[in-house]
Amino acid sequence: MGHRSRSRHPTLFASEAVDLPPGFHHLPGFYDAAGQRSILVDIRAVLADAPLFQQAMPKTGAPLSVKMSNAGTFGWVTDREGGYRYQSRHPTTGKQWPPIPSSLLELWKKLTGEVIPPNLCLINFYDAEARLGLHQDKGESSLDAPVVSVSLGDDATFLVGGMSRKDPVRRLRLHSGDVVWFGGPARLIYHGVEGIVPGSSSLLTDEGFADGGRINLTLRRIDRPSDEMT
DNA sequence: CAGTCCCT
DNA sequence: ACGG
């Protein structure tokens, strides 16, 4: 530790200053190590009650590589027969989703200033092979409310597009403890996850997730469940 | 169209 | 571009 070796290469600063779309916010290092562990403990308890499960695309039945679960009044669910929808019960256990941990409700209020709390927390688990193609978070009735996202565990290459599928896409490296949120003009922006960097964080393995990986939490507000939304 | 596959 |  004898000398300062931090790079001050100008292009590094330039790449950090990537201009993101209006309404899209990246807060690197929002949670310190203790804060990350605290949320992960909450999520581990949620998952004990509402285990991760494999979802599938509407009509084709193509499986999603990201394993998911939910907390809140509603959860995001998709399968071949029913398509994208919000429902109050876990598809395999039949139980209602556990409540959203208070730490995440506080984050939502602190960040967005929204008076109405989120009622859906989607839990996404990425193993070494998991990806999530470019998509829009639509279907929610409340497009006024933003989407808030917390990254835990391994780094991810996040894709930030535009309002059209063919708009140019930026890559954004997300680290454990980062928070991203988007609303207003960015609420329907195309986004996705190109992949993770396996083994880049020890948070999950330290907290008992044997194989590591990445957990992402997304908070939203929806007004009602739905049978299908494409 | 939150999927996979294949091509310039 | 595809098929569902």
Side-chain angles (χ1 to χ4, degrees), chain A residues 21 23-24 26 43 47 50-72 74-92 97 118-143 145-174 178-183 186-197 213-222 224-230:
Chain A
F24 184 98
H26 177 207
I43 292 305
L47 292 177
L52 294 166
F53 61 100
Q54 183 164 52
Q55 311 239 49
M57 292 290 287
K59 300 183 180 180
T60 66
L64 277 63
S65 58
V66 179
K67 305 303 185 294
M68 301 180 175
S69 187
N70 295 275
F74 303 117
W76 186 79
V77 168
T78 174
D79 56 29
R80 179 178 209 136
E81 301 77 23
Y84 303 163
R85 61 196 189 275
Y86 301 102
Q87 64 181 41
S88 58
R89 289 175 185 278
H90 192 293
T92 63
W97 308 104
N119 55 3
L120 187 156
C121 174
L122 178 61
I123 303 167
N124 287 167
F125 174 77
Y126 296 79
D127 65 18
E129 286 84 39
R131 300 175 297 109
L132 192 57
L134 266 195
H135 68 280
Q136 294 173 300
D137 288 13
K138 55 182 176 187
E140 296 93 334
S141 323
S142 303
L143 293 178
V147 173
V148 174
S149 156
V150 181
S151 294
L152 298 170
D154 288 338
D155 294 355
T157 304
F158 191 78
L159 305 173
V160 186
M163 295 300 293
S164 161
R165 180 176 282 280
K166 51 188 240 308
D167 285 342
V169 170
R170 298 181 194 58
R171 287 173 174 76
L172 191 61
R173 184 66 159 270
L174 296 183
D178 288 7
V179 171
V180 160
W181 67 286
F182 49 98
R187 178 60 180 77
L188 288 178
I189 209 158
Y190 274 90
H191 59 283
V193 173
E194 193 171 49
I196 71 167
V197 184
R214 172 177 188 257
I215 288 178
N216 180 69
L217 311 169
T218 55
L219 304 165
R220 323 123 195 283
R221 173 80 203 178
I222 67 167
R224 71 191 72 212
S226 55
D227 285 320
E228 168 137 12
M229 31 187 68
T230 16

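So that the names make sense, note that chain A is the first sequence line, chain B the second, and so on, each numbered from 1. All figures in this text were calculated on a predicted structure; none of them were measured in a lab.
Taking a pair as Watson-Crick or G-U with both hydrogen-bonding distances under 3.5 Å, no stem of three or more pairs touches DNA chain C.
Rounded to an integer number of Å, the gap from OH of A/Y86 to P of B/dA2 is 12 Å. Nucleotide B/dA2 holds its C1' atom 9 Å from the CG atom of A/N124, rounded to whole Å. Rounded to a whole Å, the CG atom of A/L188 is 13 Å from the P atom of B/dA2. One can place CZ of A/F53 at 13 Å from C1' of B/dA2, the figure rounded to the nearest angstrom. Rounded to an integer number of Å, the gap from A/R80 CZ to B/dA2 P is 16 Å. As rounded to whole Å, 7 Å separates atom P of B/dA2 from atom OH of A/Y190. What separates CG of A/L159 from P of B/dA2 is a distance of 14 Å, to the nearest Å. Distance A/N70 CG to B/dA2 P: 17 Å, rounded to the nearest Å.
The main-chain N or O of A/F158 is never found under 3.5 Å from a side-chain atom of A/H191 such that the two would form a donor-acceptor pair. Between the side chain of A/R80 and the main chain of A/K59, a donor-acceptor pair closer than 3.5 Å is present. Under the 3.5 Å distance criterion, the side-chain polar atoms of A/Q55 are matched with a main-chain donor or acceptor of A/T78.
Residue A/R85 has no polar side-chain atom (N or O) positioned under 4.0 Å from OP1 or OP2 of B/dA2.
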Please enumerate all protein N or O atoms sitting under 3.5 Å from an N or O of nucleotides 6-8 of chain B, with distances to 0.1 Å.
none

Any N/O pairs under 3.5 Å between the protein and nucleotides 3-5 of chain B? List them or say none.
unit_1, atom_1, unit_2, atom_2, d
B/dG3, OP1, A/G133, N, 2.9
B/dG3, OP2, A/G133, N, 2.9
B/dT4, OP2, A/R131, NH2, 3.3

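Ring geometry for A/W76 against A/Y84 counts as tilted: the plane angle lies between 30° and 60°, on a 0 to 90° scale. Ring pair A/W97/A/H90 is tilted by interplanar angle, where 30° to 60° counts as tilted.
Looking at A/V160 and A/F182, their side chains never come closer than 4.5 Å, going by heavy atoms from C-beta outward. Side-chain contact between A/V197 and A/D154 is absent, with no heavy atoms from C-beta onward closer than 4.5 Å. Using a 4.5 Å heavy-atom cutoff, the side chains of A/M68 and A/I123 are not in contact.
Atom P of B/dT8 sits at a distance of 22 Å from the matching atom of B/dT4, rounded to the whole Å.
A search for side chain to side chain donor-acceptor pair (under 3.5 Å) contacts involving A/T218 returns A/R220, not counting sequence neighbours. Annotation: ring-ring contact (aromatic ring centres under 6.0 Å, His included) contacts of A/Y126 (sequence neighbours excluded): none. Among residues two or more places apart in sequence or in another chain, the salt bridge (Lys or Arg N to Asp or Glu O under 4.0 Å) test is passed with A/R173 by A/D155.
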